[in-house]
Student: 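Please find one structure pasted underneath; my questions will follow.
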2 protein chains.
Amino acid sequence: MYQYQHPHPAVTTDIVLFTIGQQQLKCLLIRRKHEPYKDSWALPGGFVGMDEDLEASALRELREETGITGVNLEQLHSFGRPGRDPRERVITIAYYALVPDTGLPIRAASDAGEVAWFGLDDSPPLAFDHEAIVAMARQRLVSRLHCSTIALQFMPEKFTLGELQGVYEIIQGGAVDRRNFRKRVLARHCLKDSGETRRNGKHRPARLYTCVSMDTVEVNK
Amino acid sequence: MYQYQHPHPAVTTDIVLFTIGQQQLKCLLIRRKHEPYKDSWALPGGFVGMDEDLEASALRELREETGITGVNLEQLHSFGRPGRDPRERVITIAYYALVPDTGLPIRAASDAGEVAWFGLDDSPPLAFDHEAIVAMARQRLVSRLHCSTIALQFMPEKFTLGELQGVYEIIQGGAVDRRNFRKRVLARHCLKDSGETRRNGKHRPARLYTCVSMDTVEVNK
DNA sequence: GCAAAAGTGTTATCCCTACACCCATGA
DNA sequence: TCATGGGTGTAGGGATAACACTTTTGC
């Protein structure tokens with residue numbers, strides 16, 4: 001038992017993890033094993049440890065519930081409407097992150113009975129206010145797309161410009177002029193020609209590029 | 001006494017309230033009446049009520065400690081490093097807001113022994129990690145200045161374009177071309193010519209403008 | 001040779017910047 | 001009449017957007 005002179009809310013972190021697959025923007029969800037919202041889908045997350053920094057808590061929950069490590073979390077927003085959790089007052093600090101699509105080792109563990117990627121426009125009803133959290137994260141993602149190099153976090157180590165363009169087109173939902181896109185993205189000097197090429201089908205092979213640096217460089221002039 | 005099965009952190013809100021005065025960007029601080037950091041300057045803020053939304057808590061603290069009401073709060077970031085408060089684990093959700101300079105009715109109340117505006121480059125050492133919070137709020141303010149109409153929140157109901165330009169120059173710390181500034185700001189169609197003018201000195205009177213809408217319109221294309 | 005994506009350059013447009021002069025007022 | 005800030009327009013440059021053809025490969 002823990003006692004306090006004044007009432008204290010519980011504090012959690014939740015993580016909106018995005019990826020791109022099957023021509024869709026997807027988000028990682030877990031199926032809850034316990035009440036409340038037992039068997040509902042929800043964002044990975046959980047209670048903050050008393051000696052744990054907020055971001056560390058989010059990383060730990062993500063690792064424990066999905067086995068995913070090494071992502072670059074950004075704080076999104078804190079949600080604390082009274083009543084958002086039926087058990088007690090819970091304030092959550094939401095983070096988001098972007099990971100490449102390739103071969104994600106997802107395992108269900110701890111509180112999560114099941115883990116899966118869902119297309120954002122094709123996802124089940126979520127527990128708590130998690131739909132609002134996902135919506136805000138998506139909005140943030142779209143607005144950062146143009147003034148930062150955030151989209152590179154979706155890419156594997158080596159990728160073609162066509163693949164990168166595809167990511168932009170999926171997120172913003174619309175076609176992009178290939179020549180202008182290449183000029184713009186190469187002008188940022190965030191990509192390095194790896195020298196290699198990749199044949200992807202019955203057509204000319206594409207050059208493979210690498211990120212010069214993993215930092216999300218803001219370009220908001 | 002309040003008892004929980006698991007330990008709970010305390011949760012507070014803190015508010016970075018900016019204004020412009022004496023050709024400076026200023027921030028509202030209170031002098032603490034109690035330990036810890038007794039007699040130090042700190043941001044207004046305090047513990048979140050158990051049935052109170054986060055923004056409502058920030059508004060209440062601001063009202064109780066400074067008498068200021070009716071500001072437009074934006075959530076800044078949550079800070080939760082273990083040890084940032086010597087008493088116990090405290091996670092704070094920081095907000096920021098901008099208010100006009102004119103005739104602010106500031107009164108000290110409740111936990112605040114004293115309330116005052118401080119120029120940002122001329123402020124005393126702050127309690128807790130409040131200097132980091134102010135620094136982040138300032139950064140946010142600068143970066144929003146160009147892609148939003150946030151600066152209008154510094155203005156009184158009626159103001160001249162020269163006054164608005166002065167606000168921009170103070171925040172970003174540099175001169176702005178008057179003609180280009182006027183074209184840009186008028187092109188946003190957020191200002192309405194009130195028809196009135198104001199004589200401010202021994203020179204031609206200036207037109208007074210009003211905000212068309214109080215919303216902070218983002219213009220990030 | 002044909003389908004399919006990769007790769008490349010030029011032109012027109014728009015937006016932003018730089019820049020100089022007259023206006024209305026108070027002293 | 002002079003000092004002070006208010007008010008206005010234009011020309012040049014840089015960035016962005018529109019646009020079509022050749023290349024390399026698999027079938």
Side-chain angles (χ1 to χ4, degrees), chain A residues 20 22-23 101 143 145-149 151 155-156 158-170 172-210 217-221, chain B residues 20 22-23 101 143 145-149 151 155-156 158-170 172-210 217-221:
Chain A
I20 304 259
Q22 280 94 45
Q23 307 294 312
D101 178 33
S143 86
L145 196 64
H146 292 281
C147 61
S148 79
T149 57
M155 308 312 290
K158 292 178 179 174
F159 54 90
T160 71
L161 291 185
E163 288 162 356
L164 182 59
Q165 182 178 343
V167 166
Y168 274 82
E169 290 177 334
I170 289 166
Q172 69 184 62
V176 171
D177 181 88
R178 185 151 35 97
R179 286 159 293 188
N180 294 335
F181 177 78
R182 283 158 181 262
K183 269 179 290 186
R184 209 182 316 135
V185 79
L186 290 175
R188 283 184 182 180
H189 300 297
C190 295
L191 299 186
K192 201 172 56 211
D193 186 341
S194 75
E196 301 167 61
T197 58
R198 179 199 292 154
R199 272 169 302 167
N200 245 340
K202 50 171 188 170
H203 53 79
R204 176 173 178 171
R207 279 197 204 139
L208 290 173
Y209 287 84
T210 314
V217 183
E218 301 286 334
V219 194
N220 67 314
K221 51 174 179 178
Chain B
I20 304 257
Q22 280 94 44
Q23 307 293 313
D101 179 32
S143 85
L145 196 64
H146 292 281
C147 62
S148 79
T149 57
M155 308 312 290
K158 293 179 180 174
F159 54 90
T160 71
L161 291 185
E163 288 161 356
L164 182 60
Q165 181 178 346
V167 166
Y168 274 82
E169 289 177 336
I170 289 166
Q172 69 185 61
V176 170
D177 182 88
R178 185 155 35 100
R179 285 161 293 187
N180 295 336
F181 176 79
R182 283 158 180 261
K183 269 179 289 185
R184 208 181 315 134
V185 80
L186 291 176
R188 283 185 182 177
H189 301 296
C190 295
L191 299 186
K192 201 171 56 209
D193 186 340
S194 75
E196 302 167 61
T197 58
R198 179 198 294 154
R199 272 169 302 168
N200 244 340
K202 51 171 188 168
H203 53 80
R204 177 174 177 172
R207 278 197 207 139
L208 290 173
Y209 288 84
T210 314
V217 183
E218 301 284 334
V219 194
N220 67 314
K221 51 172 181 177

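Source: prediction; values computed, not measured. So you know, we letter chains A, B, ... as the sequences are listed, proteins then strands, and number each from 1.
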Student: Considering only D:dT4, D:dA17, D:dG7, which nucleotide approaches the side chain of B:His203 most closely?
Tutor: D:dT4
Student: From the list C:dA6, C:dT25, D:dA18, which nucleotide is the closest neighbour of the side chain of A:Asn180?
Tutor: D:dA18
Student: Hey, are the side chains of B:Gln23 and B:Ile170 touching, using non-hydrogen atoms and a 4.5 Å cut-off?
Tutor: yes
Student: Counting distance alone, no hydrogens or angles: does the base of C:dG7 have a donor or acceptor under 3.5 Å from a partner atom on the side chain of A:Arg178?
Tutor: yes
Student: Between A:Arg198 (CZ) and C:dG7 (P), how many Å, whole number?
Tutor: 11 Å
Student: Find the distance A:Phe159:CZ to C:dA6:C1' and express it as a whole number of Å.
Tutor: 16 Å
Student: Let me spell it out: for each of A:Leu161 and A:Lys202, pick the nucleotide of DNA chain C with the closest heavy atom. Which residue's pick is nearer the 5' end?
Tutor: A:Lys202
Student: Of the nucleotides D:dT25, C:dC23, D:dT10, which has the atom closest to the B:Lys183 side chain?
Tutor: D:dT10
Student: Nearest whole angstrom, please: distance from the C1' of D:dG5 to the CZ of B:Phe181.
Tutor: 15 Å
Student: Do other residues, nucleotides or ligands put more than 12 heavy atoms under 6.0 Å from the CZ atom of A:Arg198?
Tutor: yes
Student: With heavy atoms under 4.0 Å as the rule, sort B:Arg207 into base, sugar-phosphate or nothing.
Tutor: sugar-phosphate
Student: Should B:Phe159 and B:Leu208 count as side-chain neighbours, where that means a heavy-atom distance under 4.5 Å?
Tutor: no
Student: Whole Å only: how far is the CG atom of A:Asp177 from the P atom of C:dG9?
Tutor: 15 Å
Student: Indicate, with a heavy-atom threshold strictly under 4.0 Å, whether B:Asn200 touches base, sugar-phosphate, or nothing.
Tutor: nothing
Student: Closer than 3.5 angstrom, by distance alone: can the side chain of A:Glu163 be matched with the main-chain N or O of A:Met155 as a donor-acceptor pair?
Tutor: no
Student: So what does A:Arg179 hit on the nucleic acid, given a heavy-atom distance under 4.0 Å: a base, only sugar-phosphate, or nothing?
Tutor: base
Student: Once you round it to whole Å, what is the distance between C1' of C:dC16 and CG of B:Leu186?
Tutor: 16 Å
Student: Compare the minimum distances between each of C:dT25, C:dA5, C:dG9 and the side chain of B:Arg199, then state the nucleotide with the smallest one.
Tutor: C:dT25
Student: Just to confirm, is there a sub-4.0 Å distance from OP1 or OP2 of D:dG7 to any side-chain nitrogen or oxygen of B:Arg182?
Tutor: yes
Student: Sort and list the pairs that fulfil side chain to side chain donor-acceptor pair (under 3.5 Å) and have at least one residue in residues 173-183 of chain B, not counting sequence neighbours.
Tutor: B:Asp177-B:Asn180, B:Asn180-B:Lys183
